[in-house]
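Keep in mind that the numbers below use all heavy atoms, side chains included, and drop hydrogens, waters and symmetry copies. Read the numbers this way: they start at 1 and go in the same order the structure lists the ligands and their atoms.
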Amino acid sequence: MKSILVLGGAGYIGSHTVYALIEAGKKVVVIDNLETGFKQAVHPDATFYEGDIRNRSFLDEVFEREEIEGVIHFAANSQVGESMTNPLKYYNNNLCGTEVLLESMVAHGINKIVFSSTAATYGEPESIPILESDPTHPTNCYGETKLSMEKMMHWTSVAHDLRYVALRYFNACGAHPNGKIGEAHNPETHLIPLILQVPNEKRGHISIFGGDYDTKDGTCVRDYIHVNDLAQAHILAMEYLVNGGESNTFNLGNGVGFTVKEVIETARKVTGHPIPAKVEPRRAGDPSTLIASSDKAKEVLKWKPQMDSLETIIETAWKWHKNHPDGYDNRTM
Ligand code: UFG
């Protein structure tokens with residue numbers, strides 16, 4: 001059996017996808033430079049190479065040594081705030097990395113790639129739910145680099161024997177129910193892990209960024225999608241390409257929006273902690289409402305999110321954070 005090569009397989013969504021691939025009986029090779037990923041997050045049955053995708057000779061060596069069926073590409077920087085203060089870091093890692101990767105893939109005749117994209121490619125939406133055919137006007141450099149990565153794949157697919165699937169995630173969250181892997185960012189900026197730092201006694205309250213949006217309770221609405229459901233979509237997308245599917249782009253979300261206050265309330269129920277919250281000024285660049293239409297992924301890929309209740313999502317996240325209040329440490333799993 002040929003292997004699936006997962007780039008960035010030690011990161012949050014990458015590590016969950018590696019677990020899902022191995023649980024589905026696939027052979028997996030992981031590359032990660034461990035800049036933001038964690039060695040402990042890599043499934044013990046995956047073949048692991050530590051290295052950077054901007055290093056062409058390193059990539060060539062892996063493609064020569066391993067028999068690769070296709071590539072799933074998560075290796076990128078993904079913090080919106082950092083992308084605005086250090087845009088060249090994002091151009092370098094996200095765009096130069098992908099360019100080197102595509103050169104090496106074309107040179108080795110590897111012609112299938114599933115790619116981690118984002119709702120940030122849309123920017124401020126013109127209508128809700130957001131469709132894949134809607135205009136893309138990113139409002140931050142992170143979204144801009146992901147959109148440029150999609151375009152790079154498109155033009156490469158026009159010129160070469162290569163097909164790609166871009167998966168535009170909405171708000172990835174939750175953790176593997178096995179409790180072994182979960183979300184760990186440094187610094188953490190995402191809502192659910194920050195909320196759970198309160199019952200973990202790492203912070204006294206959660207800040208609500210803006211209480212005056214035009215939504216049902218004045219706080220921002222997001223489409224929260226469990227990381228294991230995202231992982232399944234990558235497997236289906238790779239199968240779609242293996243079966244001859246054309247290059248394509250899909251949104252991945254639950255199609256249901258929750259306000260920041262609703263997320264906090266659900267976390268109170270799950271953890272049994274009062275979780276004090278304070279309304280503070282808006283965070284720059286936050287759209288008021290982001291909800292996906294994932295009908296295309298459901299129809300074409302036959303994708304069906306399984307962990308679609310907010311309570312289940314937060315329960316799995318809480319199981320991870322309660323037992324790993326400092327994220328990954330030096331213990332081996
Ligand atoms: N929020 C708070 N308090 C916090 C943290 C977040 O109120 O302490 C709010 C935000 O303002 C936002 C919501 O919670 O309304 C969700 O915020 P996250 O930072 O968890 O996620 P974002 O919606 O900002 O970002 C997500 C992905 C990005 C992607 C973006 C697309 O994490 O990778 O959607 O717009 F770029």
Can you list the residues that meet the salt bridge (charged side-chain N to carboxylate O under 4.0 Å, His left out) rule with Glu150, with sequence neighbours excluded?
Arg168

Over 60° means perpendicular and under 30° means parallel, so tell me whether His73 and Phe115 are parallel, tilted or perpendicular.
tilted

Just to verify, what does Lys269 make a salt bridge (charged side-chain N to carboxylate O under 4.0 Å, His left out) with, not counting sequence neighbours?
none

Would you call the rings of His324 and Tyr328 parallel, tilted or perpendicular, taking 30° and 60° as the class edges?
tilted

Could you tell me if Arg282 sits above the aromatic ring of Tyr213, with its cationic atom closer than 6.0 Å to the ring centre and no more than 45 degrees from the axis?
yes

How would you list, by chain and number, every residue that makes a salt bridge (charged side-chain N to carboxylate O under 4.0 Å, His left out) with Lys27, sequence neighbours excluded?
none

Within the 4.0 Å heavy-atom sphere of ligand 1, strictly under, residues
Val80, Thr118, Ala120, Tyr142, Asn171, Thr189, His190, Leu191, Leu194, Ile206, Ser207, Ile208, Phe209, Cys220, Arg222, Tyr224, Val260, Arg283, Asp286, Leu290

